[in-house]
Amino acid sequence: MILKSITLINFQCYFGEVTFEFKEGLNLVIGDNGAGKSKLYDAFYWVLYDRVFDSMTREFQLTAHKDIRKNLVSDKAKAHCAPGESVKTSVEIVVLNPQKGDEYILTRTYSVARTESGTWREPTESVQSALFKDKYLDARPVPQVDIESIRRRILPDDVKPYMWFQGEQVDSLIDFKRNDTLTRAINVLSDISEFDFYEEVSKKAYETAEKDFLRKGRQMSSNASKNDELASKLERLRSELERLEEERILAANNLTKAREQKEDLLGKLEDAQRIKDLSSKSSEFKARLKETDERQNKMKAAINKNLFTRNWILKGTGFLVDAYAAKYDEYTRTRMKKEAGQEAQKQAMDEILKSFRLPVDVPEPIFIQQMLEKERCLVCDREAQKGTEAYNKIQELLERSKSHKQKVKPEPITKNDFSNEFKSLYQNGLQLQGSINQVDHEIKITVGEILELETKYKEIKNELEINEKEIMDIVDVSQISTIESSISIVIEFRSHDNAIIQYEKDLQRVEIKKEERASEINTTEEELRSLAIGKVPKSLEEKVQVLADFSAIAKSTRARVFNRLIEKLEEEANKHYFNMTAENKSVRGRIKLEKDLLGNYMPKNFDSAGLPLSSINDSNIILIKLAVIMAIISAKRSSPAAQLYPLISDAPTSKFGDNYAIGFCRTASEVYSQSIVISKDFYNNSDLQNRLFDEVGEKLGSVYVIEPSLSAEEQREHRDELEVRVTKIK
Amino acid sequence: MTKEELLREFLMDDLVEQKGYMTKDEVAKLKFVDHSESKLITTLKVAILDKEKGDSVDTVARKLNKFLNQ
């Protein structure tokens, strides 16, 4: 199909009637942001599918959607609509079938009415109509019931995603998370499905023939019940084989996924492992820091304790001990002198007392005192006047008494006797002297150890900081967002590794079981054949054989054609990929289509040494997908998709850098019979335009420039004057 | 693919030569309209023609069984 033209009447920002005419080859519609490019894409979509893009929900919504129908009709057209009148929007496309010369004209209209009060009556439905015009006759209306089939003829639903897309949908053309995504695209866009048809036919035909054969075999069997038993055993074995095949597919799927997940992580593993090791080291450093800090604090706390337990409080008091010893020595000498004096005095007194006739205190001192006072001896009753010998003798008696009392109670040497305490202090001082002499040395050692610990603490802290910085540097440049995720990457990698081993075992086990079942099936079939007493008709045997061969050949041919297609696809995909990335100088690698265990293919990127290239830029990843899709179309020149359906793409290179636009357009012109590319990239860039025109050459179709027509600044405040000016430049 | 290309594609399979139906050289020279005694080749032709007519899988399978019963 060739899209000949599209005519918009009062559609969204397109006020009045605007027509774009297209040809085969590359057609371009160029415009700046807000010019109406996406609304043109909406017009294509609306006329076929009754939907336009809703920027709020980011989905294509039906006309019935309130926010959609409100904005369908041009604001300028509505502004010109008087109360009580209605205004209509419509889009019409003319599609040509070049092989037959037939044309389809599809139109969709939607009308709104303005009430007298100025509000709008907006119905929920639009109206679609179609005309068919063949080469010879005028256009005639198509019945409503047939419009849907015409729509599908213009663009089948399964082909649409690969032919009509906006830039932001390009990424989803091939979903790397789905193993069969490329296989599905190939099935849709190539003619490989033809071989699927024959495979199915041959399988069905063979199954029917085999049932006939078994039925005949039963009729001719020598033992019907044994025949039945074997037949049901055969059926059971075949079911089991099917189930095992499903199990095999599941195991293969799991294995493929595990391998892919492991491969995904491979790029990050080295960094993750390094981060994990460094984190371990950080933990060690932190533990050592803690230990050092605790030791330091313990030692500092011990200083206070040592003041009393190790007598550090006596630091510098050595001289006091010496001074005290000297004082004590002096005290002792003085005391001894005094004691000696007292002793001599006592001895002298004792001698004196020994010379008296009377005992001491006879007469008693009180009477002696009376005698002295009376100056008369009471013993002999004679006068003893003071100063006389008699008086002196009486006085001697009193003196003697006093001396004796002195002897019994000698006078203390000091007022208070602390000699024991002084002695004790002296002895303590002697004991402490040793410790006092050691204190300085001990304090010096302890302080030294504390300082050493402080230095060590600083060193460990420094090493920790270096370690942490290295971790952050790796986190910054790698794809690993956090230290925790690095640990989980390592764990996950190992888990995938273990899973791979398990799935490989599962797969092996299932395949062995399958072989066993297949062998049992053969044995059972032979047993069944051996029960036949006559011969099954040759024609039936032959039929079964021919259809078995047909089935095997159909399956094998399909696989062979598919593999050949894959080789061709790879070649074509790289051609398109290189073409599209020609202007950009980043690393791009080479596309390789890798087969998984389920027989699905996935595009991967490799370097020249055949090693996976994991860090190419996002634009190139999307281009790989586009290149593969285009390759499917171009690889098979007779492909229905390439011949019959136009590419319509709105901002296809929006996800890429600026220098991909020419490459994409050039490739599209080579691959698609007709492409309509709506793009901003060439707007106001006549150099780029001219380059493209030169490179595309005769494959260039029509080129339009669209611009909003608001001239005055005040008109930009609202949409009532908004319309699009369309200029054809080629 | 034309009918002829399709037929040759199937007959180019290694199984065809292994089972003694045709050699690859013979296949390369084969035309769709050529008469063949081989039931396999005739079966393939019937399947290709029926598909071209637009018959479904079931219909073609049934037709093949009927054809091979003759």
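So you know, we letter chains A, B, ... as the sequences are listed, proteins then strands, and number each from 1. Since the model is a prediction, treat every value here as computed from it, not as a measurement.
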J.: Counting only non-hydrogen atoms closer than 4.5 Å, does T59(B) touch chain A with its backbone (N, CA, C, O), its side chain (CB onward), both, or neither?
T.: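 It is neither, since no heavy atom gets under 4.5 Å.
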J.: Using heavy-atom distances under 4.5 Å, tell me whether Y21(B) contacts chain A through its side chain, its backbone, both, or neither.
T.: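 Contact with chain A is through the side chain of Y21(B) alone.
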J.: Against chain B, label Y198(A) side chain, backbone, both or neither, depending on which of its atoms sit under 4.5 Å from a heavy atom there.
T.: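 Only the side chain of Y198(A) comes within 4.5 Å of chain B.
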J.: Under a 4.5 Å heavy-atom cut-off, does chain A meet the side chain of N69(B), its backbone, both or neither?
T.: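 Backbone plus side chain of N69(B), per the 4.5 Å heavy-atom cut-off to chain A.
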J.: Under 4.5 Å from any heavy atom of chain A, what part of L6(B) do you find: side chain, backbone, both or neither?
T.: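 Just the side chain, heavy atoms under 4.5 Å.
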J.: Looking only at heavy atoms and a cut-off of under 4.5 Å, which of K63(B), K51(B), R62(B) has the most pairs with chain A?
T.: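 The candidate making the most pairs under 4.5 Å is K51(B).
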J.: Relative to chain B, which segment of E542(A) carries a heavy atom at a distance below 4.5 Å: side chain, backbone, both, or neither?
T.: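 When you check distances to chain B, only side chain atoms of E542(A) fall under 4.5 Å.
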J.: Of the backbone (N, CA, C, O) and the side chain (C-beta and beyond), which part of K19(B) lies under 4.5 Å from a heavy atom of chain A, both, or neither?
T.: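 Side chain of K19(B) only, per the 4.5 Å heavy-atom cut-off to chain A.
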J.: If you count heavy-atom pairs under 4.5 Å with chain A, which of T43(B), N65(B), V60(B) comes out on top?
T.: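 Of the candidates given, the most pairs with chain A belong to N65(B).
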J.: Pick one of side chain, backbone, both or neither for L64(B), based on which atoms fall under 4.5 Å of a heavy atom in chain A.
T.: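 The side chain, not the backbone.
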J.: If every non-hydrogen atom of P98(A) is compared with every non-hydrogen atom of I2(A), which pair is closest and at what distance?
T.: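 Answer, listing the atom of P98(A) first, then I2(A): CG-CG1, 4.0 Å.
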J.: Pick whichever of L540(A), T208(A), D549(A) has the most heavy-atom pairs under 4.5 Å with chain B.
T.: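 With the most close heavy-atom pairs to chain B, the winner is D549(A).
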J.: Taking atom types as modelled, is there a side-chain donor on D13(B) or S556(A) under 3.5 Å from an acceptor on the other?
T.: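 Note: D13(B) and S556(A) side chains meet the donor-acceptor criterion.
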J.: Using the ring of F213(A) (Phe, Tyr or Trp, six-membered ring only), decide whether K543(A) places NZ or CZ under 6.0 Å from its centre and within 45 degrees of its axis.
T.: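 So K543(A) doesn't make the cation-pi contact.
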J.: Salt bridge check: are R560(A) and D14(B) linked by an N-O gap of less than 4.0 Å?
T.: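 Between D14(B) and R560(A) there is no salt bridge, as every charged N stays at least 4.0 Å from the carboxylate O atoms.
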